[in-house]
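Accompanying notes for the structure given below.
Basis for what follows: all heavy atoms, side chains included, without hydrogens, waters or symmetry-related copies. Everything numeric here is computed off the predicted structure, so don't read it as measured data.
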Amino acid sequence: MRSMRSPGELAAAVRVEHLDLIQREAQRGERGQHEIGVVPDAGRIIDDMFKAIGEQTVTVPGAAMAETIIPAIARDVGAIKDRRREVGH
């Protein structure tokens with residue numbers, strides 16, 4: 001799985017995964033109701049689901065700042081580990 005840089009990227013990736021899941025399930029079942037592999041309004045279903053989840057989500061103050069600070073701290077920790085290896089600890 002590739003690294004996501006923002007909540008928006010994660011949401012977009014999850015949306016695609018859900019659309020793929022719906023289409024795969026459509027191929028396995030409900031063959032009498034729809035064309036095989038086609039779910040009418042699958043994208044709308046996923047969008048409605050994310051809208052409902054978004055309406056229930058709490059935004060934490062400082063979350064955007066954490067997206068900047070945490071990667072910087074991770075780089076600093078990596079640099080410290082590299083220095084320790086260099087000196088033999």
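- One hydrophobic cluster, built from ILVMFWY side chains closer than 4.5 Å, cannot hold both Val14 and Leu21; they sit in different ones.
- Between Asp82 and Arg85 a salt bridge is recorded (basic side-chain N to carboxylate O distance below 4.0 Å).
- If you take CD1 on Ile46 and CD on Glu17, they are separated by 11.0 Å, rounding to the nearest 0.5 Å.
- Minimum interatomic distance between Pro71 and Ala66 (heavy atoms only, all atoms of both residues): CD-O, 3.9 Å.
- Separating the CE atom in Met49 from the CZ atom in Arg15 is a distance of 9.5 Å, to the nearest 0.5 Å.
- Residue Ile69 shares its hydrophobic cluster (ILVMFWY side chains chained together at separations under 4.5 Å) with Met65, Ile73, Val77.
- Remark: Asp20 pairs with no residue by the salt bridge (Lys or Arg N to Asp or Glu O under 4.0 Å) rule, at least two apart or across chains.
- Asp47 has no carboxylate O lying under 4.0 Å from a charged side-chain N of Lys51, or vice versa, which leaves the two without a salt bridge.
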